[in-house]
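Below is one structure; the comments refer to it alone.
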There are 2 protein chains.
Amino acid sequence: MAKALRKAETSIDAITADLVAVLVAVTEGEPKIMTIANATALPSGPFQFGHRSLQTGLRAWVEAQTGHPLGYVEQLYTFADHGRTGDARAPHRISISYLGLTREDQVREASEAHWSGWYEYFPWEDHRAGSPALIAKIVAPRLRAWAKSAESASVQKARWQRAAITFGIDDRAWNEELVLQRYELLYEASLIPEAVRDKRTGEAVVPGRAMISDHRRILATGIARLRAKIKYRPVVFELMPAEFTLLQLQRSVEALAGRTVHKQNFRRLIEQQELVEETGAMAAETVGRPAKLFRFRHGVVAERAVAGTKLPLSRS
Amino acid sequence: MAKALRKAETSIDAITADLVAVLVAVTEGEPKIMTIANATALPSGPFQFGHRSLQTGLRAWVEAQTGHPLGYVEQLYTFADHGRTGDARAPHRISISYLGLTREDQVREASEAHWSGWYEYFPWEDHRAGSPALIAKIVAPRLRAWAKSAESASVQKARWQRAAITFGIDDRAWNEELVLQRYELLYEASLIPEAVRDKRTGEAVVPGRAMISDHRRILATGIARLRAKIKYRPVVFELMPAEFTLLQLQRSVEALAGRTVHKQNFRRLIEQQELVEETGAMAAETVGRPAKLFRFRHGVVAERAVAGTKLPLSRS
DNA sequence: TGAGATTATACTTATCCTGAGCATAAGGGA
DNA sequence: TCCCTTATGCTCAGGATAAGTATAATCTCA
């Protein structure tokens with residue numbers, strides 16, 4: 001038995017693999033993602049024989065499209081489009097998704113591709129100016145109705161508990177990392193266009209731009225990963241220009257995390273970790289007292305390998 | 001151009017996908033993994049059309065092989081076997097790896113499958129009784145030689161710095177999460193059988209059982225993921241029997257992490273997080289004072305969703 | 001029966017980290 | 001000059017953490 005499981009000896013179940021990229025940049029304190037097809041899809045291309053590896057495949061066509069080499073890239077998730085075609089005999093398609101970090105100005109926009117703000121797709125994720133009104137006005141009541149629509153009381157309770165936890169309702173703390181869980185909850189409750197499209201039920205009442213296939217789910221995965229990662233790896237710097245002020249750095253972090261941080265504590269953490277060094281120059285054209293310019297100390301990556309960045313992004 | 005990147009319109013580059021499992025159990029304070037082929041391979045099977053999704057595909061054959069349903073499963077990584085065949089025209093093969101957690105006693109061993117201690121494959125990863133002698137005696141000097149063999153002084157320095165960081169040499173702290181980095185370093189320095197096999201250079205001087213293909217790399221990925229995860233998610237309990245003492249729980253954590261923890265602090269953290277509750281019974285057949293038996297409070301998973309477990313596994 | 005070994009469990013202490021706020025500095029513009 | 005804005009330095013309280021001390025309960029063996 002085990003032998004049969006190890007090798008496809010009888011038939012070769014051939015499939016095709018797509019590479020999907022969540023390519024992120026932060027421009028003037030707003031997180032952007034690269035989109036195609038009128039901002040309804042993430043860039044994606046087929047994995048071809050010419051590619052030596054999955055990552056080189058991804059890099060190849062992202063570079064072809066944007067005109068710039070991809071810097072930081074990490075794999076997100078692999079999933080099979082299960083039975084989307086309905087035909088069990090049709091070749092399966094696997095999607096392998098990646099998170100890439102770059103800067104908008106480094107990219108020459110191709111005809112079809114352009115940058116979109118990621119909060120257009122997830123308006124409920126931006127808590128920098130407090131909890132968005134649509135959570136209290138739309139999401140919470142709709143999820144409560146969805147919870148109540150369950151048959152058994154225990155399921156009702158479980159549903160509402162889940163909703164309250166993921167969206168930080170009822171005095172619960174907002175957890176900015178639960179991006180995917182929130183998306184999946186809205187999908188399950190059929191409150192977003194993709195759910196209505198796929199399940200032919202519900203009503204797309206929650207604002208936010210939809211995407212083809214499950215690209216918005218992939219985007220949610222990418223955002224969640226990035227929000228988690230900036231807390232313990234110095235990846236923000238991939239998104240920053242060569243020189244920046246500490247406030248610009250803070251604004252980028254806040255843009256990604258979707259929440260604000262305590263300024264003084266942010267500076268303290270950044271400086272005590274020796275992640276940055278002064279360039280000696282000062283920022284020009286600013287309001288208020290001019291700020292020192294800093295640059296990322298690339299040395300720390302080597303020095304501490306994967307040591308870890310701390311950011312004041314825990315509770316609050 | 002962007003259009004061409006979105007769809008494989010001309011040729012369909014068909015590939016096959018393998019599902020590979022790192023199936024972990026902890027028995028009597030020793031972490032085990034399920035192996036086949038005389039303990040030289042991880043169980044793996046092809047993804048077939050009959051499988052509704054990747055995870056169900058994985059579950060299907062793991063259950064067929066072990067006779068028990070798989071509990072906790074999470075995806076690890078997807079990679080392409082780049083040009084292993086050397087023939088660029090041969091169909092590519094993609095491996096999608098998963099981490100699964102179970103208990104040894106739940107599994108009926110199939111003929112070919114059995115459990116192996118994971119430190120047989122990574123003897124340098126077990127620091128429960130202090131840093132293993134082979135690091136100071138074999139790994140460190142060999143890596144130093146490898147560093148010195150570089151041409152430029154800067155590469156020499158970078159190599160040694162990397163070695164010292166990943167293996168915690170020269171008064172650096174041991175970081176138990178760098179399992180994959182350590183394996184890849186040993187591979188790069190051609191000190192393990194797989195490297196000698198693939199690159200036809202070097203000498204396999206570092207102890208530790210080898211595996212076919214890159215299964216040992218996948219195993220390293222799984223161990224690293226698990227070591228990271230037990231610190232912030234209550235996954236250890238997937239590996240525990242229904243009732244256990246706090247010391248048994250601690251021993252399991254230590255087995256996985258490969259390091260010891262402070263007993264009193266461990267108990268305090270576990271209890272204050274309300275992860276467990278007393279069963280009322282006491283452990284029988286023990287040396288010393290009998291311990292209370294505890295069970296995992298499954299409620300916390302729902303209550304706090306992904307809230308987080310804390311374990312005293314940071315520095316020290 | 002009692003000492004020693006072994007494990008369980010309760011408490012204490014010093015230190016570090018974190019969140020939050022106060023205060024001052026340095027620019028520009030009305 | 002006053003005010004607004006941002007930069008930057010410093011303090012402080014509370015909580016978390018690491019590490020140690022102390023005591024309790026059981027078994028084994030002399």
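In what follows, every chain begins at residue 1, and chains take the letters A, B, ... in the order their sequences are listed.
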| said: Quick one, A:E125 with A:R227, criterion salt bridge (charged side-chain N to carboxylate O under 4.0 Å, His left out). Give me CA distance, side-chain angles, the key distance, then yes/no. | reply: CA-CA 11 Å; A:E125 292 292 344; A:R227 283 185 171 180; 2.9 Å; yes
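- Rounding to whole angstrom units, CD of residue B:E278 and P of C:dT9 are separated by 8 Å.
- In this pair, A:F244 and A:F237 present their aromatic rings tilted. The plane angle is within the 30 to 60° band.
- Put simply, the side chain of A:R182 gets close to the backbone of A:T166: a donor and an acceptor are under 3.5 Å apart.
- Atom CZ in B:F266 sits roughly 19 Å away from atom P in D:dG20 (whole-Å rounding).
- Panel note: side chain B:R103, backbone B:M240; a donor-acceptor pair is recorded below 3.5 Å.
- The closest donor-acceptor contact from the side chain of A:R225 to the backbone of A:L76 lies under 3.5 Å.
- If you take CZ of A:R251 and P of D:dT5, they are 13 Å apart, rounded to a whole angstrom.
- The CG-P distance, from B:L269 to D:dA19, rounds to 13 Å in whole Å.
- Between the CD atom of B:Q272 and the P atom of C:dA10 there is a distance of 14 Å, given to the nearest Å.
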Could you go over nucleotides 8-15 of chain D and give all protein N or O partners under 3.5 Å, atom names and distances?
from	atom 1	to	atom 2	distance (Å)
D:dT8	OP1	A:K292	N	3.2
D:dT8	OP2	A:R267	NH2	2.2
D:dT8	O5'	A:R267	NH2	3.2
D:dG9	O6	A:Q264	NE2	3.3

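- Residue pairs satisfying the side chain to side chain donor-acceptor pair (under 3.5 Å) criterion with at least one member in residues 128-138 of chain A, sequence neighbours excluded, are listed as follows: A:E30-A:R128, A:D126-A:R128.
- As rounded to whole Å, 12 Å separates atom C1' of C:dT7 from atom CD of B:Q248.
- We find that CZ of B:R259 is positioned 10 Å from P of D:dA18, with the value rounded to whole Å.
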